[in-house]
Every structure is written in structure tokens, then in C-alpha cells.
Amino acid sequence: MKRLVLFFATILFVTTNLFSQKKFSVSASVGVLDSFGTAQGIEIGCKQSISDHLSFQFVAAYYSWSSNKDLNAFQQSTGLYINSLDYYLHHVRKEISALIPIRLGLNYAVGNSSSHPYFGVEWTLNMLFENTFLPQPISNTSIPFTVAYSQLKSSPVFVSIGFDMGYSFRIANNVNASAGVKYQAGKMLDYVSFVGGFEYFL
């Protein structure tokens, strides 16, 4: 993963210097992400224009789930189980706690106005924070019996590709407000996020 982050940073550095005569902007946004429940997060980004309409963009974000869902689709039940093995087989839980996407892509501004719609394509490196809960029966002499859980943490990394689109509004000199939607499809997770924030042109 360190190599991929270094690769992203190198591309950003080269692009910024290669097109230093063009406009450069930074942005800060808040968003809501929908996948296995709702997550809230923040996004920090920068854009370096390549032409009057096309820009290179780099975005890093952090999203967390306040209410986690069981990804294995096993639901807690108040029913009775025959023995501890039966309970174990039906109560392994896997949950997402956080997601860090690092996006690299191109953004296209439609029209010549300071306020304009936009769309883009993004290649994303995602770090997913997962918790797996394994039941450990400590007594099966009565029904229902007592069960303790052990927790395993993992941080798989996967790549996704997607698009974003929205509208950028000029609200002051060199300052725009923007609102948009992003979609990413990957091997481990597909997600949609709705983002709104501010962009400052340097």
C-alpha cells in the first residue's frame, strides 16, 4: 500500500509542476456514503487544471459507520438453539467500521461560466476496516446458553473505479460551493456517496 500511496503522490507532484501555469484549487467537503448502511465522512481534495475545462483531481476521504450491519446477513435471533455448535454456525458476524478511499482521476467542467455542472472518472484505492466477531460458547448446559465473542480486526485494501458528477456554484471571488454524487464499484464493495463542500482557487 505504501508504494501505491507514493505513486499517487508522485503523479500529483509531477502534474502540479507540469501544469503550474494553470489554475490550482483545494477543497473540503462532508459526505454521506451508502453501502451496508449509512456512513458519514469528510473529503479533502485538490485539482490541477490541464486545460480550460479538464482538470486532474486527487481526493482523500474518511468515512465511518456509526451503526454497523452484519455483512454475513446473519441476524441475531431470540430463538432456541440445540447446542453450542448450532449457535456458532449462525452467529459469526462481520462488520465494516470505516473506509478510507484515495481517489485519482479527471474532472471535466461543462461550459465557460464560473458556475457549471461537472463530471469525472476516478480510480480509487480503498482501505477497509473490518471487524469479525466469532462466538465462543462457554456453556451449553442450558438453553439459551452463554456465549462470549472474540473480535478479529482486518484492513483489506482493494481497487475500485467509478465516476462523479454534480454542480459547482460561484459564491465569491475564487470560491465555489459544490454538491455532487460519486459512485465506485470494486471487488469487495460498491458504494454511492453524496458530497457537498467548498472549493478555493489559488
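Model, not experiment: these values are computed from the prediction. Heads up: numbering here begins at 1 and tracks the sequence. Every heavy atom of this structure was used, including side-chain atoms; hydrogens, water molecules and symmetry mates were not.
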query = Could you give the distance from CD1 (I44) to OG (S27), rounded to the nearest 0.5 Å?
reply = 7.0 Å
key: Neighbour count >12 (heavy atoms, 6.0 Å) for atom CZ, F198   = no
request  = To the nearest 0.5 Å, tell me how far L33 CG sits from F194 CZ.
outcome  = 9.5 Å
key: Shortest non-hydrogen contact between T38 and Q40, atoms and distance   = CG2-NE2, 3.7 Å
task = Return the minimal non-hydrogen interatomic distance between G197 and S29, and the atom names on each side.
result = CA-OG, 3.7 Å
ask   = Are Y62 and L125 joined in one hydrophobic group, where the rule is that I, L, V, M, F, W and Y side chains link up if heavy atoms are under 4.5 Å apart?
value = yes
inquiry  = With a 4.5 Å cut-off on side-chain heavy-atom distances among I, L, V, M, F, W and Y, is there a chain of contacts connecting V157 to I100?
reply    = yes
query = Roughly how far, to the nearest 0.5 Å, is CG of D34 from OG of S193?
reply = 10.0 Å
query = Between P156 and E130, is any pair of side-chain heavy atoms under 4.5 Å apart?
reply = yes
message = Hydrophobic clusters here meaning ILVMFWY residues chained together by side-chain heavy-atom distances under 4.5 Å, can you tell me if F119 and L104 are in one?
response = yes
request  = Say whether Y191 and V32 are linked into one hydrophobic cluster, either directly or through other cluster members, by side-chain heavy-atom distances under 4.5 angstrom.
outcome  = no
N/O donor-acceptor pair under 3.5 Å between S35 side chain and D190 backbone = yes
task = Kindly work out whether a path of hydrophobic side-chain contacts (I/L/V/M/F/W/Y, heavy atoms less than 4.5 Å apart) joins Y63 to M188.
result = yes
request  = Dump the intermediate steps for side chain to side chain contact (heavy atoms under 4.5 Å, CB included) on L189 and L128, then the final yes or no.
outcome  = CA-CA 9 Å; L189 188 69; L128 193 63; 4.1 Å; yes
task = Hey, could you give me each pair passing side-chain hydrogen bond (donor to acceptor under 3.5 Å, both in side chains) that has a residue in residues 110-119? Not counting sequence neighbours.
result = H53-N112
request  = Compare every heavy atom of V121 with every heavy atom of Q57, then report the nearest pair and how far apart it is.
outcome  = NE2-O, 4.5 Å
inquiry  = For S160, run the side-chain hydrogen bond (donor to acceptor under 3.5 Å, both in side chains) check against K187, E122, Q184 and tell me which one passes.
reply    = Q184
query = Any side-chain heavy atom of L99 sitting closer than 4.5 Å to one from W65?
reply = yes
task = Any chance you could measure L202, atom CG, to Q48, atom CD, to the nearest 0.5 Å?
result = 9.5 Å
key: Contacts of type ring pair (Phe, Tyr, Trp, His ring centres under 6.0 Å), residue F169, not counting sequence neighbours   = Y167
key: Sub-4.5 Å side-chain heavy-atom contact between V59 and D164   = no
query = Between the side chains of E199 and S178, is a donor N or O closer than 3.5 angstrom to an acceptor N or O?
reply = no
inquiry  = Contact between I102 and F58 at the side-chain level, heavy atoms closer than 4.5 Å - yes or no?
reply    = yes
query = Taking atom CZ of F56 and atom OG of S49, what is their separation to the nearest 0.5 Å?
reply = 12.5 Å
query = Taking C-beta and beyond as the side chain, do R103 and P101 meet within less than 4.5 Å on heavy atoms?
reply = yes
task = Determine the minimum heavy-atom distance between V159 and N126, stating which atoms define it.
result = C-ND2, 4.2 Å
